[in-house]
Enquirer: 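I'd like to ask some things about the structure below.
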Protein chains: 2
Amino acid sequence: MGLGLGAIPERRYVRAVISEADTGVATSSWPKLSEVPRDVLLEVLIHGPLSRAEIAGRLRLSRPTLTRVAKALVQRGLLVEGDTRPRSSAGRPSEMLHVRGAAHRFLGVKLTPERLFAAVTDLTATPVAAAEEPLRSCAPEEVVAQIADVARRFPGVTGIGVTLGGVVLDGLVAWDEFLRWTDVPLKAAVTRATGVPTAVDNDVQALTAAQHWFGPGAGLRSLAVITVGAGVGTGLIVDGRLVAGSHGLPPHFSHTLVDAKGPQCGCGRRGCISSYLMTQVMLRRLAGRPTYEEALDRVRAGDREAGQVFAEAGYALGVLIGTVANVIDPQKVLLTGEGLPLYEVSSELVHDGIEDTYEDDPDLIDLDARPFDFTEWARSGAALAIKATITGAISERPQLDRRR
Amino acid sequence: MGLGLGAIPERRYVRAVISEADTGVATSSWPKLSEVPRDVLLEVLIHGPLSRAEIAGRLRLSRPTLTRVAKALVQRGLLVEGDTRPRSSAGRPSEMLHVRGAAHRFLGVKLTPERLFAAVTDLTATPVAAAEEPLRSCAPEEVVAQIADVARRFPGVTGIGVTLGGVVLDGLVAWDEFLRWTDVPLKAAVTRATGVPTAVDNDVQALTAAQHWFGPGAGLRSLAVITVGAGVGTGLIVDGRLVAGSHGLPPHFSHTLVDAKGPQCGCGRRGCISSYLMTQVMLRRLAGRPTYEEALDRVRAGDREAGQVFAEAGYALGVLIGTVANVIDPQKVLLTGEGLPLYEVSSELVHDGIEDTYEDDPDLIDLDARPFDFTEWARSGAALAIKATITGAISERPQLDRRR
DNA sequence: ACCCATAAGTTCCATTCGGAAACTAATACC
DNA sequence: GGTATTAGTTTCCGAATGGAACTTATGGGT
């Protein structure tokens, strides 16, 4: 319904065989999975191909259960049996289970005030298509219409994930400074306009979750993600779950003080971490207001002034890393973003900042810097859709979980 | 066993009725509970007396399930039916279920280099006895012996919780600066010496968990606990769970910079939050090195010098509160500790600090300041024992949880 | 006083789900 | 080719959960 499928011939003749899984829109409906099958799928999704025995061990399930559950997941087309991997010693070799990525497609959309970035991925969050276009307007209705247009170009997706730089609570964009939105029920609107289940979240939060499922932080119990771009952003995974503040904001560390005599910050004070790291502020301090790339070139060419600004930025980044590590003592700190060249040119100062801030042995911090393509933002939208689809957050209202 | 109960007459005649619950050591054995009964017990423990219907609603269980589970818990002596509470409108009144606190007792022990604090509580963490004595020695074996002596004075406890100011990982005291311990397997040692299942944890972590179950933060999804005493400590609850760093330390925010020209801090730098708040440092700045109480009197009497030191400390506390709130955006910030008079004498400056630091509306912060008796530390040890007993962490090895 | 609406708690029963035991399958090593 | 070893399967059973229908205890209306 809502899909204009009235004209499609009835398919009663299939129902008896394929039953529920195929009743709705052919390729794009997600089967309802109960808890254990969902956990099994997730385990394979996050930790790569695994044998039944391995999964049973990790999830503390019996092998018979795994036989049954795996069979069901294969029947639903979500898993496939891949190669068999011989044991190192004796014993029957394992049959590896893979996620059948092609089974579903997801659309991710990242909104900025100027442009819309889109990416289509398969179930394993591997990109299969991408698009980018100017945002026609910032008015909510028009943005929704534009997203629906994009969605029409990629039919058959199982879910849509939209991310933006604002405060998102339960699918409602409570506040977006850049788009100038207040209380926009984006999730409902896009779901209605496209007919496809949609999830909406803050971009940094979605990126963090994406890195935790599909990136270098896959499956870690604790993880800190720091994005360096036009500004800095932080996301935290604690106890295997994304930390969402009670008001929907991602954790922010960025106005922690580095040096009270530092540059003027947007927040009104001086010398916050973010005052050193915001691209705008950095460039403003340089003669002739170069672009970011020009500034980088100057640094690489040995320019003193630019070097100083980037060194200070690097130090501030180090302080940020150290502060985050002090607070949650994560298994890994992941550094991403378009501004990562900063780490490349002044990694030494970053480490100075860490050393001056972190209260334990800096070697304990597993720091991972990953270069970053801007389309990654859109991909993390798709990852958001995948996550919402699998956990069921996308269709049902989120379950109150009665965990400890 | 180990409790010297050999002389107590056998009670075969009861077994048929009370079955398992009474098979082992009479009053002090904890029945194994499966997940749902455990959740039900917890819900009543944390959220006060509740009716079956109410619990079923909260835990998303059916009413028949609640009938069954409640009956089992009543049989095991953990719950009792209390008063019936009439509906406001029509309908049969609810029968309230209470935790039968008297069913079990727990011993909490807090270790400091000079003294040992002990508290015995019932299952609801209500204190029933307390003791305090000098620590005979800091040597691990002697401390264990002393704890065993204390435990002998309070026979029949179901669990023991020991807390101290060090780094505790899985019952092993990896490092305690104050006691000068490294890698002391305290949990195993006390369990062996007393014959009672024992849990060990960092004191601030245990306090945080205690406040989250039995204090003003009961049952919140997110909570920050800030203790002000000889130093400052921080504990976090996120998503209903205690945040434990991957190396066992509680989160520390206390060396965040407030003012680079501030007092010298133990960490080598100047003007950290903790440099303003450590009692030692505060008193050192005052003429004649008064005691804490004397210093407080001076402030209340209007002494300029003391007022300044306490004002700065208050401001630093505000910065700490704001920083914590920025990071996890908790539902509540709970302020406790022996040093709480600070908040009383300079609450205005605390709020200034919050205002200058928190990036949203300070009114969103639900700040709760609770005066603090030192025996609270020991009580939180008992709460630790309760928590470990109920979650099963005390006997079995912690289950790998396969949650999302 | 009586009946009815309302909501709590219970009983009964069908169903689901996961683990134990015992099996088969596929390999390495001797 | 036999044996040890580990993966995966089948069969079966017990535990636990939720739906339907019931009983119980109240308030409110007539």
Side-chain angles (χ1 to χ4, degrees), chain A residues 19-20 31-41 43-44 47 49-76 79-98 396 399-403, chain B residues 19-20 31-41 43-44 47 49-76 79-98 396 399-403:
Chain A
S19 78
E20 192 177 311
K32 296 144 207 77
L33 300 176
S34 52
E35 202 182 324
V36 172
R38 188 192 305 162
D39 289 347
V40 170
L41 175 61
E43 200 66 21
V44 181
H47 292 108
L50 293 170
S51 69
R52 292 171 177 79
E54 173 73 19
I55 301 171
R58 287 165 174 263
L59 262 40
R60 313 239 160 167
L61 295 167
S62 68
R63 292 196 309 270
T65 299
L66 245 106
T67 294
R68 183 169 18 88
V69 171
K71 190 190 292 176
L73 288 172
V74 169
Q75 269 180 353
R76 288 163 190 265
L79 293 184
V80 277
E81 237 168 55
D83 50 327
T84 75
R85 193 167 299 179
R87 299 268 88 209
S88 51
S89 62
R92 171 175 173 171
S94 311
E95 300 163 10
M96 306 309 280
L97 294 168
H98 300 247
E396 314 150 41
Q399 285 203 342
L400 185 151
D401 51 20
R402 52 183 171 73
R403 295 165 179 174
Chain B
S19 78
E20 190 179 313
K32 297 144 207 76
L33 300 175
S34 52
E35 201 181 324
V36 171
R38 189 192 304 163
D39 289 346
V40 170
L41 176 61
E43 200 66 22
V44 181
H47 292 108
L50 293 171
S51 69
R52 292 170 176 80
E54 175 72 19
I55 302 170
R58 287 167 173 263
L59 264 40
R60 314 240 160 166
L61 295 167
S62 68
R63 292 196 307 270
T65 299
L66 245 105
T67 294
R68 184 174 17 89
V69 171
K71 189 190 293 176
L73 289 172
V74 169
Q75 269 180 354
R76 287 162 191 266
L79 293 183
V80 277
E81 236 168 56
D83 51 327
T84 74
R85 194 168 300 180
R87 301 264 89 209
S88 52
S89 63
R92 171 174 173 172
S94 311
E95 300 164 10
M96 306 309 280
L97 294 168
H98 299 246
E396 315 149 40
Q399 285 202 342
L400 184 150
D401 52 20
R402 52 182 171 73
R403 297 167 177 176

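Only this structure's heavy atoms are used, side chains among them; waters, hydrogens and symmetry mates stay out. Chain letters run A, B, ... following the sequence lines, proteins first and then strands; every chain starts at 1.
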Enquirer: With side chains defined as the heavy atoms from C-beta onward, is the minimum distance between Leu97(A) and Leu50(A) less than 4.5 Å?
Expert: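 Not in contact.
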Enquirer: Please tabulate, one pair per line, each protein N/O and nucleotide N/O from nucleotides 8-11 of chain C that are separated by under 3.5 Å, including the distance.
Expert:
| unit_1 | atom_1 | unit_2 | atom_2 | d |
| --- | --- | --- | --- | --- |
| dA8(C) | O4' | Arg92(B) | O | 3.4 |
| dA8(C) | N3 | Arg92(B) | NH1 | 3.3 |
| dG9(C) | OP1 | Glu95(B) | N | 2.6 |
| dG9(C) | OP1 | Glu95(B) | O | 3.3 |
| dG9(C) | OP2 | Arg52(B) | N | 3.2 |
| dG9(C) | OP2 | Ala53(B) | N | 2.8 |
| dG9(C) | N7 | Arg63(B) | NE | 3.3 |
| dT10(C) | OP2 | Arg52(B) | NE | 3.3 |
| dT10(C) | OP2 | Thr67(B) | OG1 | 2.8 |

Enquirer: For Asp39(B) and dA16(D), give me the distance from atom CG to atom P, rounded to whole Å.
Expert: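 In whole Å, dA16(D) P lies 14 Å from Asp39(B) CG.
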Enquirer: With a 4.0 Å cutoff (strictly under), does any side-chain N or O of Thr65(A) reach OP1 or OP2 of dG18(C)?
Expert: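 Result: no.
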Enquirer: Expressed in angstrom and rounded to an integer, what is the separation of Glu35(B) atom CD from dC17(C) atom P?
Expert: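 It works out to 16 Å between those atoms.
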Enquirer: State which residues pass salt bridge (charged side-chain N to carboxylate O under 4.0 Å, His left out) with Glu54(A); sequence neighbours excluded, sorted by chain then number.
Expert: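 Salt bridge (charged side-chain N to carboxylate O under 4.0 Å, His left out) list for Glu54(A), sorted by chain: Arg58(A).
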Enquirer: When rounded to the nearest 0.5 angstrom, what distance separates CZ in Arg63(B) from OG in Ser51(B)?
Expert: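 Reported value, rounded in 0.5 Å steps: 10.5 Å.
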Enquirer: Figure out the CG/P separation between Asp83(A) and dA7(D), and round it to whole Å.
Expert: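 Whole-Å distance recorded here is 15 Å.
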Enquirer: NZ of Lys71(B) to CZ of Arg76(B): how many Å apart, nearest 0.5 Å?
Expert: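 Atom-to-atom, Lys71(B):NZ and Arg76(B):CZ are 13.5 Å apart.
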Enquirer: Could you work out, with salt bridge (charged side-chain N to carboxylate O under 4.0 Å, His left out) as the rule, every residue matching Arg92(A), not counting sequence neighbours?
Expert: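 Once residues adjacent in sequence are excluded, the partners of Arg92(A) under the salt bridge (charged side-chain N to carboxylate O under 4.0 Å, His left out) criterion are Glu95(A).
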Enquirer: Is the closest side-chain heavy-atom distance between Leu79(A) and Leu41(A) below 4.5 Å?
Expert: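 When only atoms from C-beta onward are counted, Leu41(A) and Leu79(A) do touch, with a gap below 4.5 Å.
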